[in-house]
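The structure under discussion appears below in the form of C-alpha cells.
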Amino acid sequence: MKMTSAEIRTAFLEYYQQRGHQIVPSSSLVPHNDPTLLFTNAGMNQFKDIFLGLEKRNYSRAVTAQRCVRAGGKHNDLDNVGYTARHHTFFEMMGNFSFGDYFKRDAIHFAWGFLTEVLGLPQEKLLVTVYAEDDEAFGIWNKDIGLPEEKIVRIGDNKGERFASDNFWQMGDTGPCGPCSEIFYDHGEDVAGGPPGSPEEDGDRFIEIWNLVFMQFNRQSDGQMQPLPKPSVDTGMGLERMAAIMQGVHSNYEIDIFQDLIHSAARVIGTTDLLAKSLCVIADHIRSCSFLIVDGVMPSNEGRGYVLRRIIRRAVRHGNKLGCREIFFYKLVSDLVRIMGDAYPEIKSQQEIIEKVLRLEEEQFAKTLDRGLQILDEELSELKEKVIPGDVVFKLYDTYGFPDDLTADVARERGFSVDHEGFEAAMKKQRQQAKQASQFSVDYSKSLQINETSEFIGYHQLESDAKVVALFADGEPVTSAQSECLVVLDKTPFYAESGGQAGDTGSMSFAHGQLSVGDTTKIGDAIVHHAVVTEGSLNVGMSVHVSVDSRKRQATALNHSVTHLLHAALRQVLGDHVAQKGSLVEAQRLRFDFSHLEAIDAQTLEKIEHLVNANIRANLPVSTTIMGLEDAKQAGAMALFGEKYGDEVRVVKMGEFSTELCGGTHVHNTGEIGLFKIIHETGIAAGVRRIEATSGQFALDYVQKMQQQLSAAASELKGDQFSLVSRIVQHQEHTRALEKELAQLKDKLAAQAGANIIDQVEVINGVKVLIADLAGVEAKSLRTTLDDLKVKLNSAVIVLGTASEDKVNLIAGVTKDLTGKVKAGDLVNVAAAVVGGRGGGRPDMAQAGGSEPKQLPQALAAAKAWLAENL
C-alpha cells in the first residue's frame with residue numbers, strides 16, 4: 001500500500017489518539033530553557049522535565065509529529081547531507097510517549113499494530129533488536145507478537161562486536177535510563193548489508209525505522225541502577241524513512257516531499273539534471289532554514305543564528321555549483337508552504353518573513369561567494385599536499401564568511417581534506433584576543449543552590465511581615481549577617497527580576513535593625529533579596545517587615561504594561577511576523593527587541609507611537625486570569641519566544657487590543673500610563689530591531705527637556721520652535737553659498753599663484769621643467785593649478801608642493817608627449833621620500849603626501865636633481 005508522507009503523519013497521530021494519547025503540537029526547534037541542546041533533535045525534548053519528575057501535565061499519554069534539526073552541537077548531520085541516502089538537517093520524528101502509564105508490552109503491541117495493520121508492512125520484512133539483558137522485551141516479541149527467535153537480535157552482550165550501551169538509552173551520566181528495542185525493515189537480499197549486530201550492519205539492507213525506549217531505571221552517581229517508581233516509554237519513528245518504505249524507494253530523497261522540492265529547485269535554478277546531489281542538499285536545507293526562521297532564529301555570527309547562516313550559505317554554494325548565478329533560494333519557500341503548510345500552518349502565516357530573511361542573507365553572501373571560491377581555487381592550486389592549512393580555512397571564514405564546513409565541503413569534492421585542528425587554533429586565538437578586549441564580572445549568586453521556596457504576594461500588596469528562611473554572604477550560607485547579604489523569605493511582595501522586568505527595591509526592618517534592598521532575583525523557587533544590613537544583625541528565623549519602593553514599582557509597572565501595548569501596535573502596523581525577542585523594563589525606561597528586517601522610518605514610528613497613546617487614552621481595563629496553556633492560546637494570548645510555560649499560565653489582557661502570557665506587574669487601567677514616548681529605534685542583530693522608550697512622568701520629563709532644547713536652538717537662530725526648520729534651512733543655504741564663494745576665491749588664488757610662477761620655468765636637456773612651492777595654496781587646489789599649467793606650457797614636466805604645520809602635499813605632472821621619458825609616479829616619489837611619505841598615480845599625474853613640512857625645499861631640490869639625471 002503506497003502512502004504519501006502527509007498520509008503517514010496523519011495515520012500515526014490518529015492511531016495513537018484512538019488509543020488514549022493526547023496529540024501534542026510540535027515544540028519549537030529552539031529548546032525551552034535547556035542549555036544542553038542547540039536545537040530540538042528528538043521528540044522527547046519537550047517532555048524532558050516530565051520524565052525527570054520536574055513537571056506534571058494533565059495527560060499521561062502523548063503523541064507528536066516533532067520537527068527536529070541536527071545541524072550543530074553534539075548532533076550534527078550537516079556534513080553528510082547530500083552524500084548519504086538518509087541524513088538530513090531537518091526531519092520529522094513521529095513519537096508516542098507514556099509518562100508512568102503503559103510500559104513495554106503496550107508499547108510493543110502499539111508499534112507492531114501500526115506497522116502491520118495500519119501501514120500493512122509484511123511481518124517477514126521486519127526484524128527487531130532488544131538489549132541483551134532485557135528478557136522481558138525479548139519474551140513479548142517472541143511469545144506475544146510471535147516473532148521467531150532468529151528475528152530478535154540481542155544487542156549489547158559485551159562479546160566484543162558491540163558495546164553494551166548500543167541498546168541502552170540514557171539521558172546523561174546520571175538520571176533516567178533504560179533498555180531499547182529497535183525495529184528494522186529488510187529491503188531484501190538484492191541490497192547489500194547484514195542484520196544489526198553483524199559485521200555488515202552498515203549496509204542499506206536493514207534500515208532502522210523505530211526505536212522504543214523503556215525508561216526503567218534511575219542511574220545514580222555511583223553507577224547503581226534504581227528502578228523508577230513509574231517506568232515510562234519514549235519512542236521515535238522517522239517519517240522520512242517510513243515514507244521511503246511505503247513509497248518503494250531506497251533513498252529518503254526519492255520520497256514525495258523531497259522529489260517535489262528537488263523539481264522545484266531544478267526549476268528555479270534552471271537545471272535539467274534531476275539526479276544532481278546538490279539538488280538534494282538544497283531541498284533539505286530549504287526545510288531546515290524555513291522552520292528555524294519560523295521559530296525565531298535569524299542569521300548571525302554566533303550560536304543558533306550562525307548555524308542557520310551556515311546552512312543558507314551551503315545551499316547557495318550548491319546552487320552556484322549547478323551554474324546558478326542569480327538569487328534563487330528564497331523562491332523555494334512558496335513550494336515548501338504548498339507541500340507542508342497544511343501540517344505546519346506557521347510556515348504559511350510567516351511565508352513573507354521567511355522569504356525576506358533568506359533573500360537578504362543570500363544577497364549578502366552572493367557578494368563574497370565568487371571571490372571566496374576564487375581565493376580557495378588559488379590556494380588549492382598552490383598546495384603540494386592534499387590538506388588545506390587551518391590558517392587558510394580561517395582566512396576564508398574570517399574574511400569571506402566561508403564557514404569551515406563549507407570549505408571542507410568544497411575540498412571534499414576536489415579530493416582535499418581540511419586541517420580542522422589548525423582552524424580551531426586560529427579560532428581560539430581570535431576568541432582569546434576578543435576576551436582580552438573585554439572585562440567581565442561574575443555574580444556569585446548565580447552559582448548558588450537554594451532549596452527554599454518563596455511565596456510571591458506582591459501582585460496586590462507592597463508590604464508584609466515575613467520570616468527569614470535563609471541567608472547568604474560571600475556566596476556561602478550563614479546564620480547571621482551584619483552587612484551585604486542575600487536574604488530569602490518565606491513570602492515576599494518583592495518582584496524578582498524575570499520576563500525582562502527589573503527586580504524590586506525597598507527596605508526591611510526588624511527588632512533593633514533594618515536593611516536596604518537594592519535588587520531582587522530568583523534562584524530556583526526562592527526569591528532572593530540583595531540587601532545591605534544598615535543597622536543591627538539579621539539572623540535566620542527572624543521576623544521582618546518588608547516594604548517595596550512603591551514609586552519605583554509603579555513606574556516599572558507603567559513601562560511593563562506599555563510594552564504589551566507596543567508589542568500589539570508593532571504587529572498591527574508592521575505585520576504578524578513581529579515577535580518579541582527580549583525586553584528590559586525599569587522604572588525610568590523600557591527597551592523592546594523584536595523581529596523585523598528593516599529600519600523603521602520616522603513616519604511609521606510616529607504611527608506606532610500614536611497607536612499606543614490612543615490605547616492609553618482609551619483607558620482600557622487591564623485584567624489578569626490564570627488558565628490552561630492551551631485555553632490561553634485559543635484565547636489569542638501571545639506566548640513569548642524561548643519562554644517555558646507550565647499547564648497553568650497567567651494571561652494579561654488589555655481591553656481587546658493586547659492579550660499576552662506574562663508574570664509581571666501591571667497597571668489596573670491603561671490610562672494610568674499617561675504618556676508613551678519613543679526615544680530611539682535601531683538594529684541590534686540581523687533581523688532584530690530595538691525600540692527604546694519611556695512612559696508616565698519620565699516620558700513627560702523627556703518631552704519637556706526636548707522642548708527646552710528646541711526653544712534654545714530656535715532662540716539662537718532668531719526664531720521660534722515652529723519656524724526652527726525653515727531657519728535651519730536658511731542657515732544651511734547661506735553657509736553653502738559662503739563655502740562656494742570661499743572655494744572660488746581659493747581657486748582664483750591658486751590660479752594667480754600658478755600664473756606668477758610661469759617665469760620659474762627652466763629647460764633641462766631640452767625639456768621645460770617647472771618646480772615650485774605654492775605657499776598658502778590649499779592641497780585640493782594643486783590639481784587645478786597643475787592642469788592650468790599643463791595647458792599654458794603645452795609640453796613640460798611640473799612638480800608642485802605646499803605645506804601646512806604638520807603635512808606636506810606634492811603633485812607631479814607630465815604632458816602626454818613626455819611620459820615616454822618621465823613617469824609622474826617615479827618623480828613624485830623622489831620628492832615624497834625626502835618628506836617622509838610616498839605616493840602614486842598615472843604616468844601623466846601622481847600625488848603624494850608627507851609628514852615633514854620643513855623638508856619641502858629639499859624635496860623639490862631632489863626632484864630637480866633627479867630630472868637632471870633622467871631627462
Side-chain angles (χ1 to χ4, degrees), residues 4-7 9-10 26 28-29 65 67 69 71 81-82 88-92 239-240 243 252-274 276 278-299 308-309 311-366 571 574-579 595-598 686-687:
T4 66
S5 300
E7 288 170 343
R9 186 192 300 113
T10 300
S26 171
S28 166
L29 287 172
R67 53 181 185 262
V69 162
V81 173
H88 308 291
T89 56
F90 175 93
F91 63 95
E92 293 182 78
L239 177 63
E240 292 81 3
N252 291 1
Y253 291 97
E254 296 178 54
I255 68 174
D256 53 345
I257 289 177
F258 278 110
Q259 281 299 297
D260 200 334
L261 288 172
I262 285 170
H263 279 78
S264 299
R267 183 189 73 248
V268 300
I269 288 172
T271 181
T272 57
D273 183 9
L274 296 175
S278 289
L279 291 178
C280 296
V281 174
I282 294 166
D284 170 90
H285 288 7
I286 191 61
R287 298 208 306 168
S288 56
C289 292
S290 297
F291 279 101
L292 284 171
I293 293 168
V294 161
D295 285 336
V297 181
M298 292 289 166
L308 173 59
R309 174 163 286 169
I311 301 174
I312 295 172
R313 293 187 170 189
R314 191 168 188 263
V316 173
R317 209 277 300 179
H318 276 274
N320 181 275
K321 182 181 173 184
L322 291 175
C324 183
R325 297 295 183 267
E326 304 294 330
I327 303 300
F328 76 92
F329 193 47
Y330 79 96
K331 297 177 183 177
L332 295 175
V333 176
S334 59
D335 292 288
L336 180 65
V337 169
R338 172 176 51 80
I339 297 165
M340 300 186 69
D342 290 338
Y344 298 101
E346 51 266 53
I347 64 170
K348 187 181 297 185
S349 64
Q350 296 194 47
Q351 178 178 344
E352 184 179 351
I353 188 70
I354 298 170
E355 290 175 336
K356 206 164 193 178
V357 171
L358 292 180
R359 179 174 55 79
L360 290 174
E361 183 66 18
E362 189 174 2
E363 287 174 348
Q364 179 180 338
F365 185 48
R571 289 173 63 86
L574 301 179
D576 290 340
H577 66 276
V578 169
S595 54
H596 189 61
L597 291 175
E598 301 168 329

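Scope of the values below: all heavy atoms of this structure, side chains included, with no hydrogens, waters or symmetry mates. Treat the numbers as computed from the prediction; the structure is a model and nothing was measured. We're numbering straight along the sequence, starting at 1.
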Do [X] and [Y] touch side chain to side chain, with heavy atoms closer than 4.5 Å?
| X | Y | value |
| --- | --- | --- |
| N320 | V316 | no |
| D284 | F258 | yes |
| H263 | R267 | no |
| H318 | H285 | no |
| L332 | V268 | yes |
| I269 | L279 | yes |
| M298 | V357 | yes |

(request) Go through the steps for M340 and E92 under the test side-chain contact (heavy atoms from CB on, under 4.5 Å), then give the verdict. (result) CA-CA 11 Å; M340 300 186 69; E92 293 182 78; 3.4 Å; yes
(message) Tell me whether E326 is salt-bridged to K331, with the criterion being a basic N under 4.0 Å from an acidic carboxylate O.
(response) no
(message) Between R359 and E363, does any NZ, NE, NH1 or NH2 come within less than 4.0 Å of an OD or OE carboxylate oxygen?
(response) yes
Rounded to the nearest 0.5 Å, what separation is found between the [atom1] atom of [X] and the [atom2] atom of [Y]?
| X | Y | atom1 | atom2 | answer |
| --- | --- | --- | --- | --- |
| I353 | S290 | CD1 | OG | 12.0 Å |
| C289 | I282 | SG | CD1 | 11.0 Å |
| I257 | S5 | CD1 | OG | 3.5 Å |
| L358 | I311 | CG | CD1 | 11.0 Å |
| L322 | F328 | CG | CZ | 8.0 Å |
| L29 | I293 | CG | CD1 | 11.5 Å |

How close do [X] and [Y] get, heavy atom to heavy atom, and via which atoms?
| X | Y | answer |
| --- | --- | --- |
| I255 | A243 | CG2-C, 3.8 Å |
| V578 | L574 | CG2-CB, 3.8 Å |
| V333 | I286 | CG2-CD1, 4.1 Å |
| Y344 | S26 | CE2-CB, 4.2 Å |
| F91 | R287 | CA-NH2, 4.0 Å |

(request) Show your working on side-chain contact (heavy atoms from CB on, under 4.5 Å) between K356 and H596 and close with a plain yes or no. (result) CA-CA 10 Å; K356 206 164 193 178; H596 189 61; 5.6 Å; no
(message) Checking D342 against K348 for the side-chain contact (heavy atoms from CB on, under 4.5 Å) test, could you report, in this order, the C-alpha distance in whole Å, the side-chain angles of both residues, the deciding distance, and whether it holds?
(response) CA-CA 8 Å; D342 290 338; K348 187 181 297 185; 3.4 Å; yes
(request) Measure centre to centre between the rings of Y253 and H88, then say whether the value is under 6.0 Å. (result) yes
(message) Strictly distance-based, threshold 3.5 Å: is any side-chain N or O of E361 a donor or acceptor partner for the main-chain N or O of I312?
(response) no
(message) Main chain of E7, side chain of T10: is a donor-acceptor contact present, judged purely on distance under 3.5 Å?
(response) no
(message) Under 3.5 Å, is there a donor on one side chain and an acceptor on the other for E355 and Q351?
(response) yes
